[in-house]
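In this text, all values refer to a predicted model and were calculated from it rather than measured experimentally.
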Amino acid sequence: MIPSGRIVPCSWVLAHSPFWVVDFNLNFCSVILLTTRGLGKFDPSIIKARKLCLASLALTLFSVLISAYMVCVSSQSAQESLLSINQMEHESLNNWIWDGVYYHPHLFGGLMLTAALLGLSTSFFGGIGVPSLPYLWSNAGIFHKKKRGKKRVRVYMDGCFDLMHYGHANALRQAKALGDELVVGVVSDEEIISNKGPPVLSMEERLALVSGLKWVDEVIPNAPYAITEQFMKSLFNEHKIDYIIHGDDPCLLPDGTDAYALAKKAGRYKQIKRTEGVSSTDIVGRILLCLKDTERDNSSLNGEHHESISEDAHASQFLPTSRRIVQFSNGKGPGPNARIVYIDGAFDLFHAGHVEILKRARQLGDFLLVGLHTDHTVSEHRGKHHPIMHLHERSLSALACRYVDEVIIGAPWEVSKDMVTTFNISLVVHGTIAESNPLSPVGIDPYAVPKSMGIFRLLESPHNVTTTSIAQRIVSNHDAYMKRNAKKAESERKYYAEKKYVSGD
């Protein structure tokens, strides 16, 4: 309200419009503050805040000038009406606030300017802990544009994944490192038969193994062995794949052509380093070697001679390193109040039964600790031709499983009280399906201590598949696998003879 009976000067407009005054002072001081703080810096938040304050300051000045001009122009015509109103209402205008504003506009404006400066300087120097203006606005998100999510890179890798081993796992780990999401194609049984020979594991078992790996995000069943043009278009358009991945070892079709030629031609192909020392062919060879040794042992008393497979041809060439173990490890320990579940075993020839029992064990707690028995312990309880995979190979296969948090490499056969205390174990579990050597002497129950403590639980194994049953599949199809391995073994020897160093991994 304008005081009655008084001519309105421009200074009164400034003094009587506290919103304008405060806005002007705050914006002016904010610009100075931002300039001082942002001197020599290129902070996007400071630059944006400075621009906004300058714009607001200009708008404030424009509004004040327009209002003052309008009041001053109309003051002459308004004077007469104001005088008449003054005679009628003068007694009701004894408000000391309006009088002070009218008679001392510069004092009033000065007080407001001082308050604004004090507020901003206090914020600047942190006297009362009030956040400084530009940073307060920045934290409020005023100057932050809505960030568009970066497009996630999806990579594709396929394979037969028959007799799943740590070499497969390491290949998928490397593939995942080349993108954000890993989609894995599992080749159909029919395609494997026509290109390589009969698979040892069924599609269901191979899907369970691939899905159980910690680096896999999606699985495509019944993928073709060769990347055809139609399938490649499906990968790019339907599955939104950016790159197709394969190892540095050649993958040739029966006609001798490259299975990934189209992907390479399209410029959407990336290569990873092959994991040395293991292959499905090598594992089949080890199993056949064990079979041959068993037959030779059984018939040696009769003086019969059996052609043996070269032991050197199928001996493990895996060279374990601490770096590889770190690459497979989660790198995280259990929380302070975590429920730790422990399960132990050989976990030889890692199969779908292992994946399912580990999944069930993990569901019983917050952290799954897996104990891997030594080669000597496994051999003692299962026979001299066991294990097929040695300790470090078995450890990597277990670590690659998404349900495993940590492993004990060379766990003792018996679970002691000291072990329970050391690892803060809350529950010890064991599956109903387990292998043992019927000729081994009956010893002490390895779970006697956790049973006495009331922390032991027997889990129903979801599958009856075992390492021995898988080996028996190969034995029953002996001729087919001998023929398959003879062909693959030749390509293996050629690869190792011509291989060159490949960086990466």
Side-chain angles (χ1 to χ4, degrees), residues 155-187 199-201 203 205-221 223 245-249 251 270-284 286 316-332 345-359 362 368 370 372 387-407 409 467 470 502 504-505:
V155 296
Y156 172 82
M157 187 173 189
D158 59 15
C160 301
F161 304 107
D162 198 22
L163 291 178
M164 190 82 174
H165 50 73
Y166 64 90
H168 292 135
N170 191 47
L172 295 175
R173 179 192 66 81
Q174 293 180 76
K176 178 63 177 286
L178 296 177
D180 301 303
E181 297 174 2
L182 175 60
V183 181
V184 180
V186 181
V187 178
V200 179
L201 305 181
M203 169 60 74
E205 290 174 318
R206 291 184 288 121
L207 285 175
L209 283 165
V210 173
S211 301
L213 290 177
K214 63 175 69 174
W215 300 286
V216 177
D217 298 297
E218 296 178 27
V219 179
I220 301 176
I245 316 294
H246 188 65
D248 61 341
D249 54 319
C251 182
K270 287 190 176 184
Q271 186 172 280
I272 59 171
K273 186 176 181 179
R274 169 180 164 147
T275 304
E276 307 290 356
V278 68
S279 66
S280 298
T281 303
D282 167 56
I283 295 172
V284 170
R286 296 189 206 182
S316 174
Q317 300 179 34
F318 174 61
L319 301 175
T321 63
S322 59
R323 180 167 174 263
R324 179 72 75 221
I325 294 175
V326 170
Q327 288 171 338
F328 275 51
S329 175
N330 289 345
K332 296 180 180 179
F347 294 97
D348 193 19
L349 212 59
F350 203 78
H351 52 70
H354 292 141
V355 174
E356 293 299 327
I357 197 69
L358 290 173
K359 180 180 180 180
R362 182 63 174 79
L368 181 59
V370 178
L372 278 299
I388 296 170
M389 313 290 286
H390 67 61
L391 178 59
H392 288 96
E393 294 175 313
R394 294 184 283 118
S395 298
L396 290 179
S397 293
L399 275 174
C401 182
R402 66 170 71 249
Y403 309 112
V404 176
D405 295 292
E406 181 65 287
V407 300
I409 303 175
T467 301
I470 291 175
V502 178
D505 194 23

Novice: Where do Met157 and Leu172 come nearest, in terms of heavy atoms and distance?
Specialist: SD-CD2, 3.8 Å
Novice: Please test Leu209 against Leu201 for side-chain contact (heavy atoms from CB on, under 4.5 Å), starting from the C-alpha separation and ending with a verdict.
Specialist: CA-CA 10 Å; Leu209 283 165; Leu201 305 181; 3.6 Å; yes
Novice: How far apart are the closest heavy atoms of Phe328 and Ala169, and which atoms are they?
Specialist: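 Phe328 and Ala169 have their closest heavy atoms at CE2-CB, 3.9 Å.
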Novice: Quick check against the 3.5 Å criterion: does Asp248 have a side-chain atom that pairs as donor or acceptor with the backbone of Lys273?
Specialist: no
Novice: Is there a side-chain contact between Val184 and Ile220, using heavy atoms and a 4.5 Å cut-off?
Specialist: no
Novice: Checking side-chain hydrogen bond (donor to acceptor under 3.5 Å, both in side chains) for the pair Asn330/Lys214: CA distance, chi angles, key distance, verdict?
Specialist: CA-CA 10 Å; Asn330 289 345; Lys214 63 175 69 174; 2.7 Å; yes
Novice: Give the C-alpha distance, both sets of side-chain angles, the deciding distance and a yes or no for side-chain contact (heavy atoms from CB on, under 4.5 Å) between Val370 and Leu358.
Specialist: CA-CA 9 Å; Val370 178; Leu358 290 173; 3.9 Å; yes
Novice: Where do Ile245 and Ala175 come nearest, in terms of heavy atoms and distance?
Specialist: CG2-CB, 4.0 Å
Novice: Are Cys401 and Phe350 side-chain neighbours, meaning at least one heavy-atom pair lies under 4.5 Å?
Specialist: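 Answer yes - side chains close enough.
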Novice: Distance from Arg394 atom CZ to Leu399 atom CG, nearest 0.5 Å?
Specialist: 12.5 Å
Novice: One pair to check against side-chain contact (heavy atoms from CB on, under 4.5 Å): Ser211 and Arg402. What are the steps and the verdict?
Specialist: CA-CA 9 Å; Ser211 301; Arg402 66 170 71 249; 5.9 Å; no
Novice: Specify the closest pair of heavy atoms between His351 and Thr467, including all atoms of both residues, with the distance to one decimal.
Specialist: NE2-N, 3.7 Å
Novice: Which class fits the ring pair His392 and His390: parallel under 30°, tilted 30 to 60°, perpendicular over 60°?
Specialist: perpendicular
Novice: Would you call Met164 and Leu349 a side-chain contact if the rule is heavy atoms closer than 4.5 Å?
Specialist: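 SC-SC contact between Met164 and Leu349 ruled out.
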Novice: Over all heavy atoms of both residues, which pair between Val355 and Ala208 is shortest? Give the atoms and the distance, please.
Specialist: CG1-O, 3.9 Å
Novice: Under a 4.5 Å cut-off applied to non-hydrogen side-chain atoms, are Asp405 and Arg362 in contact?
Specialist: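 Asp405 reaches Arg362 side chain to side chain.
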Novice: Does the side chain of Ser397 reach to within under 4.5 Å of the side chain of His354, using non-hydrogen atoms?
Specialist: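 When only atoms from C-beta onward are counted, His354 and Ser397 do not touch, as no gap falls below 4.5 Å.
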Novice: How many angstroms lie between CD in Gln271 and NE2 in His246, if you round to the nearest 0.5 Å?
Specialist: 8.5 Å
Novice: Do Gln174 and Thr275 have side chains that approach each other closer than 4.5 Å (heavy atoms only, starting at C-beta)?
Specialist: yes
Novice: Any heavy-atom pair between the side chains of Val326 and Ser329 that's under 4.5 Å?
Specialist: no
Novice: If the threshold is 4.0 Å, N to carboxylate O, is there a salt bridge linking Glu393 and Arg324?
Specialist: no
Novice: Tell me if a side-chain donor or acceptor on Asp348 pairs with a main-chain N or O of Met389 at a distance below 3.5 Å.
Specialist: yes
Novice: Do the side chain of Arg173 and the main chain of Trp215 share a donor and acceptor less than 3.5 angstrom apart?
Specialist: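 Judged by distance alone, no pair lies under 3.5 Å.
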Novice: Give me the ring orientation class for Phe161 and His168: parallel if the planes are under 30° apart, tilted from 30 to 60°, perpendicular past 60°.
Specialist: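 The arrangement is perpendicular - the two ring planes meet at more than 60°.
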Novice: Measure the spacing between CZ of Arg274 and CG of Asn170 and express it to the nearest 0.5 Å.
Specialist: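 Rounded to the nearest 0.5 Å, the CZ-CG separation comes to 12.0 Å.
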Novice: Which heavy atom in Val219 sits nearest to a heavy atom in Val210, and how many Å separate them?
Specialist: CG2-CG1, 4.0 Å
Novice: Could you tell me whether the side chain of Asp158 reaches within less than 4.5 Å of the side chain of Val186, counting heavy atoms only?
Specialist: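 They are not in side-chain contact.
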Novice: For the CG atom of Leu368 and the NZ atom of Lys359, what is their distance to the nearest 0.5 Å?
Specialist: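 One gets 13.5 Å once the value is rounded to the nearest 0.5 Å.
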Novice: side-chain contact (heavy atoms from CB on, under 4.5 Å), that's the test. Do Ile409 and Leu372 meet it? Break it down for me.
Specialist: CA-CA 5 Å; Ile409 303 175; Leu372 278 299; 5.7 Å; no
